[in-house]
Amino acid sequence: MTPLTDFRAWLSPRHLRFWGIVLLILYTVAGFFLVPWVIQRELPGFADSIVQRPAGVAAVRFNPWTLALEADGLELNDTDGSPLIRLAGLRVNLQVASLFRRALVFKEVRLDSPTIILVRDGFADTNLGRLAAAASGPESDTPEPADEGELLRLVIENLVIEEGALDVTDEMPATPFNTRLSPINISVNGLSTLPNEVGDQTILIATEGDGSIEWIGKLQISPLKSAGNIAIKVPGLPLVTRYLDDVLDFDLHGGQLNLTFDSDVTGLPDGLFELAVDKLSLNISQTDLSTEDGAEPFLGFGNLQLTGGRVRLPAGEASADELIILKPMLETWLREDGTLNLANLLEESADALNAEEDVQRAEPAEEAPAIDEDTAGPEEGGPGLSLALGRLQVVGMSAGFEDRTLPNPGAIKLSNLDLEVRDISNTPDDRFPFELGVSIASGGDLQATGELGFLPAVVAKAGLKVEKLALGVAQPWIDRVARIALISGELNAQTELSSSPEETLDVRGLVSVDGFAMSDLAGQELVTWQQLAMKDLIFSLDANQLEIARIDLRKPYARVRIDEERNLNLAQLVIEPDGSTDAVPEETASGEALVFRLG
């Protein structure tokens, strides 16, 4: 027989090898040509049946020998034609090992440049929320029993999302807000729904202004367990003020935020989870709040650092080793109309917020679910949240108050305020030792040492020392009521203060005014003394009582003059208020006159 005859006999339809070759050719042709055609043709209809949204794909390729599927130009649009999801490229590589592991095993799943567009266009309503509702199907009055079967057996050896993006738009504020998270890069090695199989994952997300979110750790799906380190960098908090621009009456400058912590999430059989956060560290750099024109900063700090943070849920525990605030600043002032600058930081003309509130009121209230007291949080009747802070330290704070209602604005400036509070917690009856020191710019220092408590009621006990506090700082307020000038005078005190539910304020100790001199506006001395000392002073606010065991007055002087018309010079120093006013009784707001005892 000739070779050609042998070949024809070898390919004879009578032999199985012939049909095997035919099937192989059909499989190859169908894989390379039919599968891409079917996917490209059926995808729009499939998407419409599942989510009632139009979808499309520009090109599809399939290699039947490597089981690799590639698609370009995938897109899913909303019902109005606006984009929802865009995907530049998709690669899926199924493995033959799926037959042996009784699971879908993919060597690689790769998404190139996916973009998700999130639009909030109603109260608690977004385009993606409507998409999810459509995918879940119509709601039923009779809830279906939960499927307690196993998860789909799935193994992805290498999952890659590269150069992704999330576009976020909120159309509810009066000024629509938009930001973009990009690029989003995710890499997961060994993603598996098989029991007790752990994979490694890395998530990198870039935010507006060179910010970033990074998570590196391990992930187990069945049962759920995730552990890793999370690092968040926000280059500027002004992004927050841009979103809230319509409701904030101030500008925010600076404020780079760095947050890192270790997290451990464990799924529980009842569907809940346990969260453990350790080694939490938060750092916020120079931050300033100012009036909208940027001319007057009124709040800020040089640096805020929290270290040793720890959180446990659902146990309800949160603690930190230390919180340090460096060089904080607070400036307050009364405007010419008598309003405080901090009183209206939130603008009332927030039309978007009002619209949301109207929508919320129009929606029927849902019946509140029953509370499980074993798992409920502190606001739901469950176990309370336990809070603890090892040390709070404020270093180099400055503060000021200015009264601009006065013809000559009065100001009080504090500087070099240092505060340390230790062992802070919300445990009832706990007391927190504290130390406070502050200087007054016009002259004088204050120091306090004692302890504080907040639960079940506010209590305080401290020793207060006042040294050389200049009284001249009160001159602008005196100008409103009297024609006198404080030439000199210093307040000194060594007292013990206490406050509790039984006694709102109790003050005991020694108070003196030294080097006091007061004159009229012509410069003539009216009253002077070297020292006025009030010894063994006891003041009770609730009893409205002041007791002084002894008053020492050294080298006093007073100039009293009666003119030809029998007018007393001291009486002429008082400035009568404008307009007719009722006489003010010499009584306290409680209606009882102050009880004073000497000796």
Side-chain angles (χ1 to χ4, degrees), residues 298-299 301 304 306 309-311 316-325 328-332 340-343 345 377-395 397-401 412 414 416-440 445-466 469 491 493-511 537-547 588-592 594-595:
F298 60 86
L299 183 65
F301 53 83
L304 182 149
L306 178 75
R310 179 179 180 273
V311 177
E317 299 175 1
S319 63
D321 293 339
E322 191 173 59
L323 173 61
I324 300 177
I325 306 175
M329 174 271 294
L330 174 63
E331 292 290 339
T332 61
L340 189 65
N341 67 314
L342 302 180
L345 295 181
E379 297 182 357
E380 300 173 326
L385 180 65
S386 174
L387 303 175
L389 177 62
R391 184 174 73 140
L392 168 65
Q393 187 174 16
V394 178
V395 181
M397 178 176 180
S398 62
F401 170 76
I412 300 174
L414 306 181
N416 299 322
L417 188 153
D418 294 332
L419 171 66
E420 180 175 325
V421 187
R422 300 182 298 278
D423 304 327
I424 304 171
S425 76
N426 64 342
T427 304
D429 299 321
D430 267 7
R431 300 293 181 263
F432 328 130
F434 79 92
E435 295 179 6
L436 171 68
V438 60
S439 297
I440 292 81
D445 297 288
L446 280 75
Q447 295 180 352
T449 303
E451 59 181 22
L452 301 169
F454 297 106
L455 294 175
V458 176
V459 295
K461 185 177 182 180
L464 174 64
K465 183 179 181 181
V466 181
L469 178 61
L491 176 67
Q494 186 74 48
T495 61
E496 295 290 332
L497 310 179
S498 63
S499 176
S500 67
E502 294 76 23
E503 180 64 61
T504 304
L505 178 62
D506 183 89
V507 182
R508 298 168 183 261
L510 169 66
V511 178
L537 177 147
I538 301 176
F539 171 73
S540 174
L541 180 62
D542 292 345
N544 196 25
Q545 180 173 298
L546 174 63
E547 296 182 10
T588 63
S590 63
E592 297 179 359
L594 176 68
V595 177

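We count residues from 1, following the sequence as given. Values below: every heavy atom of this structure, side chains too, minus hydrogens, waters and symmetry copies.
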Apply ring-ring contact (aromatic ring centres under 6.0 Å, His included) to F432 and list each qualifying residue two or more places apart in sequence or on a separate chain.
F454

I need the [X] [atom1] to [Y] [atom2] distance, nearest 0.5 Å.
| X | Y | atom1 | atom2 | answer |
| --- | --- | --- | --- | --- |
| L304 | I325 | CG | CD1 | 5.0 Å |
| I424 | L392 | CD1 | CG | 5.0 Å |
| T449 | F434 | OG1 | CZ | 7.0 Å |
| L594 | N544 | CG | CG | 5.0 Å |
| L446 | I440 | CG | CD1 | 4.5 Å |
| L306 | L389 | CG | CG | 7.0 Å |

Residues at least two apart in sequence or cross-chain that pass side-chain contact (heavy atoms from CB on, under 4.5 Å) with R508, listed by chain then number, are D506, I538

Which residues pass the side-chain contact (heavy atoms from CB on, under 4.5 Å) test with V507, not counting sequence neighbours?
T495, L497, L505, L537, F539

Salt bridge (Lys or Arg N to Asp or Glu O under 4.0 Å) against [X], all qualifying residues, sequence neighbours excluded:
| X | result |
| --- | --- |
| E496 | none |
| E451 | none |
| K461 | none |
| E503 | none |

Between L546 and V595, is the side-chain contact (heavy atoms from CB on, under 4.5 Å) condition met? List the steps.
CA-CA 6 Å; L546 174 63; V595 177; over 6 Å; no

side-chain hydrogen bond (donor to acceptor under 3.5 Å, both in side chains) partners for [X], two or more places apart:
| X | value |
| --- | --- |
| E547 | Q545 |
| R310 | E317 |
| D542 | T504 |
| N426 | none |

Evaluate L491 against V511 for side-chain contact (heavy atoms from CB on, under 4.5 Å), listing each step before the verdict.
CA-CA 7 Å; L491 176 67; V511 178; 3.6 Å; yes

Where V395 and P328 come nearest, the two heavy atoms and their spacing
O-CD, 3.5 Å

Pairs where residues 416-439 contributes a residue and the test salt bridge (charged side-chain N to carboxylate O under 4.0 Å, His left out) is met, not counting sequence neighbours:
R391-E420, E420-R422

Is there a side-chain contact between V459 and P501 (heavy atoms, below 4.5 Å)?
yes

Taking atom types as modelled, find out whether N341 and T332 have a side-chain donor-acceptor pair closer than 3.5 angstrom.
no

